[in-house]
Amino acid sequence: MIHRFLPLIVTIAVLVVGFLLCALQFPNFASLRVVGNLLTDNAFLGITAIGMTFVILSGGIDLSVGAVIGFTTVLLAVLIEQGGWDPPAAFAAALLAAALFGAAMGAIIHVFRMPPFIVTLAGMFVARGMAFVLTTDSLPINHPLYGELNDVAWRFDGGGKLSLPAMVLLVVLALAVVLAHWTRFGANLYALGGNRQSAELMGVPVARTTVAVYTLSGLLAGLAGIVFSLYTGAGYSLAATGVELDTITAVVIGGAQLTGGYGYVLGTFAGVLIQGLIQTYITFDGTLSSWWTKIAIGALLFVFILLQKGLLAAWTGRGGEPAEA
Amino acid sequence: MTPYSPQPSAPLLAIRGLSKAFLGVQALDGVDFTLRHGEIHALLGENGAGKSTLIKTLTGVYRRDAGTVALEGREIAPRGVEEAQRLHIGTVYQEVNLLPNLSVAENLFLGRQPMRFGFVDRGAMRRRARAVLSGFGLSVDVTAPLGRFSVATQQIVAIARAVDMSAKALILDEPTASLDAQEVAVLFGVLRALKGRGIGIVFVTHFLDQVYAVCDRITVLRNGRLVGERRTEDLPRLDLVAMMLGRELEAAAHRIAADPAADTQAGTDARPPLVRFRGFGKARSVEPFDLDIRPGEVVGLAGLLGSGRTETVRLVFGMDRADRGEAAVDGRTLRLRGPREAIRLGFGFCPEDRKKEGIVGELSVRENIVLALQARQGWLRPIPRRRQEEIADRFIRLLDIRTPDAERPIQLLSGGNQQKALLARWLATEPRLLILDEPTRGIDVGAHAEIIRLIERLCADGMALLVVSSELEEIVAYSRRVVVLRDRRHVAELRGGEVTVDRIVSAIASEPVPAGPEGAPA
Ligand SMILES: Nc1ncnc2c1ncn2[C@@H]1O[C@H](COP(=O)(O)OP(=O)(O)OP(=O)(O)O)[C@@H](O)[C@H]1O
Ligand SMILES: [Mg+2]
């Protein structure tokens with residue numbers, strides 16, 4: 001029997017083996033500092049990808065997340081630097097705006113039965129557009145609290161540290177795992193992604209669940225935007241361009257099915273780290289063009305999709321094709 | 001039979017004047033229906049009569065146009081399945097296959113998972129899932145994804161889920177379509193126990209034997225209208241059929257359905273076989289078997305679920321690749337490389353799991369009917385629209401497919417009518433060998449007789465037929481030869497006069513050498 005966690009195990013195995021190979025080549029690699037940086041550098045990506053995992057599990061997609069991150073950074077910069085808001089108030093406003101934005105997209109998707117791809121693509125343009133309306137420049141954020149927050153870290157011996165963004169990522173990860181597997185909402189997401197009609201006839205509240213999952217994705221993109229603005233110390237309307245594709249990649253490498261119903265939050269986390277690992281490797285190497293990151297990730301994505309397809313066929317029983325010619 | 005009767009003043013469910021129209025179709029027209037405490041109530045009617053619509057309107061899947069529903073005297077209007085479930089009405093809808101990606105336990109408890117400290121208690125869920133299923137004589141790994149199990153097991157899980165939720169009323173829309181006799185017996189035991197506890201059960205089926213086996217009362221619908229309600233013991237079978245059809249079932253159809261018919265197939269033995277399999281088999285699927293099928297012949301495959309019937313026909317059609325033995329068509333040995341090749345050889349296959357492997361919901365009835373024919377011709381040579389319409393209209397008439405017109409998306413047809421369209425798809429290709437896996441499941445009595453008559457006619461024209469069916473009477477009615485399977489092996493082959501229900505049953509039950517005709521079906 002093929003174990004149900006096999007796709008997850010394969011992804012984690014790739015991550016571990018990849019890390020060991022890097023460590024063999026570069027003696028400095030296997031250090032808490034590198035691991036800490038890996039988490040910090042990819043925190044915003046990871047947080048966004050976790051939201052994307054839920055959306056994809058439910059059988060949808062959210063192309064607006066990168067734009068929402070960009071919008072959030074600009075909103076924060078404008079509120080704090082030009083409006084004189086306290087950062088915590090600005091954070092709350094940004095989270096609220098992002099969540100409402102997601103909820104609106106979810107409602108449109110459900111009520112008008114529109115494909116999520118189209119609705120969130122439109123959402124992407126709207127969010128990016130609103131960021132540009134606020135400002136086209138890169139606005140630095142110089143509030144003292146930003147400096148303090150950036151110093152918050154759990155330090156280890158030998159120079160490693162767990163920064164605030166990394167901590168946020170790990171907390172979100174833990175909550176997300178619980179949400180996916182120990183709440184009714186999580187079960188409803190898997191149900192919706194498995195088969196919408198059956199889920200509805202089994203009493204899953206389809207409307208509520210659809211709106212909730214896009215709200216959650218918006219909220220997490222907003223949180224990622226906050227982390228991103230902490231990390232870069234600025235608000236920029238072009239920030240995080242293309243991040244929606246990186247997150248989808250992480251979700252797929254993590255073992256989820258793009259058609260919904262199959263996948264794990266932990267897998268996505270591993271998928272994010274694998275991408276980060278490739279990037280770190282290329283930085284360590286120093287001679288390779290950073291475009292090799294994209295090529296390596298592309299190849300990996302392709303291999304993973306093939307692998308997953310094979311596993312799934314074996315997992316659900318017969319591997320045969322349907323009868324239709 | 002004296003049902004449980006504390007007789008509270010109001011009936012369990014009182015439906016009055018329920019109406020529902022879809023674009024151009026009055027699916028329900030002022031229907032009354034009463035479900036009492038502690039009764040099993042059959043809801044019967046032809047394909048498209050409005051049975052499933054009644055159930056969906058009652059449970060809030062569809063919004064009703066008019067009418068009232070009262071649960072124990074209190075008016076209800078659930079706006080969705082969730083609300084109906086909270087009123088303790090559990091339903092198995094006709095098209096529900098549950099969720100293949102969730103585990104068995106998750107399917108059973110979706111939306112009502114046992115909670116502890118605000119979180120799903122997965123351990124308790126597994127334990128309760130095992131307990132619930134053991135009531136149905138099923139012991140499976142409840143953590144495995146449901147999609148891995150047979151259609152029958154999935155159906156039992158769906159029923160178990162509904163039963164476990166139905167503290168007041170249980171509604172089953174053709175729940176037995178994929179079950180074998182034993183599983184049906186277990187289900188009936190469960191239903192009787194529920195009835196003893198005062199729960200009311202609505203039971204939709206096309207198997208009249210099952211109606212007479214468990215139901216206390218019968219309500220018949222025709223074309224969306226109520227025909228009448230009767231006590232089962234007051235309604236002889238022929239009268240019931242007349243109520244459903246609005247006419248007597250024609251005598252001719254009756255004869256064919258009832259008598260072992262061999263006349264049209266006489267003399268087929270002399271012909272050279274159309275297909276010939278020797279030592280054909282596949283590891284972990286079916287043991288090697290020999291099988292000849294001659295033109296004009298009907299060969300039945302009988303056996304319990306999981307005995308290898310479906311696996312056999314999948315091998316014959318090339319859907320699974322055999323790893324031993326050889327196949328010959330028209331005396332020429334060849335490799336069956338896949339369904340495409342089988343279709344080119346003039347084979348047709350109407351699968352058991354029609355939801356997954358059959359209809360294309362968004363396409364029209366016409367497009368669904370010509371699909372296989374077009375595929376065989378190749379997509380580069382489109383069948384002219386006029387010709388498509390002719391073919392579609394012919395089969396709509398021939399099989400009495402109830403649809404306002406051929407252009408309607410097939411998913412809007414009733415379950416039984418979708419099935420007839422699927423059968424039409426393969427008949428339209430005029431195959432030399434047609435393989436049918438449970439061809440009459442979900443098809444009403446009238447159409448059932450039509451289909452059997454059509455099969456006879458096609459065989460007279462030289463078509464060969466391989467049929468898998470759990471209904472032994474049906475197999476006996478039209479098969480000239482019956483291959484009996486057990487434990488993934490072909491254990492007996494009955495021919496001519498040996499083809500009787502008793503012989504088949506004893507071959508399934510006994511050791512490989514078939515004993516004399518004795519023992520009755522369970
Ligand atoms: N969603 C829908 N949209 C349009 N027409 C529909 C829809 N659902 C059902 N109908 C039509 O309503 C009529 C009644 O269908 P229904 O499914 O209730 O029949 P049924 O009695 O359950 O038949 P069967 O025995 O074949 O399952 C049919 O003519 C069908 O085409
Ligand atoms: Mg129906």
Side-chain angles (χ1 to χ4, degrees), chain A residues 1-7 56-59 174-175 177-209 255-257 259-264 311-325, chain B residues 56 59 61 80-86 91-93 95-103 106-107 109-113 115 118-122 141 143-150 158 161 165 314 317 319-321 338-340 342-344 349-351 353 356-358 360 371-372 375-376:
Chain A
M1 183 181 126
I2 295 185
H3 200 276
R4 51 192 302 215
F5 294 126
L6 198 56
I56 287 178
L57 276 179
S58 80
L175 291 179
V177 170
V178 171
L179 189 68
H181 300 291
W182 280 278
T183 67
R184 287 190 179 158
F185 175 72
N188 288 344
L189 283 183
Y190 280 92
L192 204 56
N195 182 329
R196 189 179 188 283
Q197 193 201 13
S198 291
E200 191 164 11
L201 290 181
M202 287 168 80
V204 170
V206 175
R208 218 187 313 145
T209 310
Q257 284 261 303
T259 47
Y262 297 91
Y264 297 100
L311 283 180
L312 198 78
W315 186 42
T316 49
R318 47 170 88 132
E321 297 298 316
E324 304 312 321
Chain B
K56 287 186 171 172
T59 54
V61 178
V81 177
E82 195 195 7
E83 217 176 309
Q85 287 174 359
R86 259 187 278 123
T91 310
V92 177
Y93 296 93
E95 55 275 76
V96 156
N97 300 322
L98 300 187
L99 294 159
N101 59 323
L102 298 191
S103 74
E106 284 164 333
N107 267 289
F109 289 100
L110 185 67
R112 55 191 194 98
Q113 295 89 339
M115 304 297 268
F119 295 102
V120 173
D121 185 347
R122 302 182 73 93
D141 175 7
T143 61
L146 186 73
R148 273 239 297 270
F149 295 97
S150 68
R161 173 183 160 86
M165 286 190 303
R314 287 178 67 89
F317 196 59
M319 262 192 299
D320 293 338
R321 207 81 63 82
R340 189 182 284 268
I343 290 172
R344 201 179 50 72
F349 179 58
C350 198
D353 192 352
K356 217 163 65 197
E357 305 180 16
V360 187
L371 192 64
R376 198 180 60 186

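Quick note: numbers below take in every heavy atom, side chains included, and nothing from hydrogens, waters or symmetry partners.
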Take B/Val81 and A/Val204 through the side chain to side chain contact (heavy atoms under 4.5 Å, CB included) test and state the conclusion after the steps. CA-CA 8 Å; B/Val81 177; A/Val204 170; over 6 Å; no
How close do [X] and [Y] get, counting heavy atoms only, and between which atoms?
X: B/Glu82; Y: A/Pro205; value: OE1-CB, 3.9 Å
X: A/Leu201; Y: B/Tyr93; value: O-CE1, 3.4 Å
X: A/Asn195; Y: B/Leu99; value: N-CD2, 3.5 Å

If you measure from CG on B/Leu102 to OH on A/Tyr190, what distance do you get to the nearest 0.5 Å?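 These two atoms lie 9.5 Å from each other.
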Which atoms of [X] approach chain A - backbone, side chain, both or neither, heavy atom under 4.5 Å:
X: B/Asp121; result: neither
X: B/Gln113; result: both
X: B/Arg161; result: side chain

Determine the option with the most heavy-atom pairs under 4.5 angstrom with chain A, choosing from [options].
options: B/Thr91, B/Asn107, B/Val120; value: B/Val120
options: B/Met115, B/Glu83, B/Lys56; value: B/Met115
options: B/Arg112, B/Arg86, B/Met165; value: B/Arg112

I'd like to know if the side chain of B/Arg122 and the backbone of A/His181 have a donor-acceptor N/O pair within less than 3.5 Å.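 Yes: the side chain of B/Arg122 pairs with the backbone of A/His181.
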Who wins among A/Gly260, A/Gly193, A/Gly261, A/Ala199 for the most heavy-atom pairs under 4.5 Å with chain B?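 Among A/Gly260, A/Gly193, A/Gly261, A/Ala199, the one with the most close pairs to chain B is A/Gly261.
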A/Val178, part contacting chain B, at a heavy-atom distance under 4.5 Å: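 Side chain only.
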Are side-chain heavy atoms of A/Met202 and B/Leu98 found at a separation under 4.5 Å?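 Yes - at least one pair of side-chain heavy atoms lies under 4.5 Å apart.
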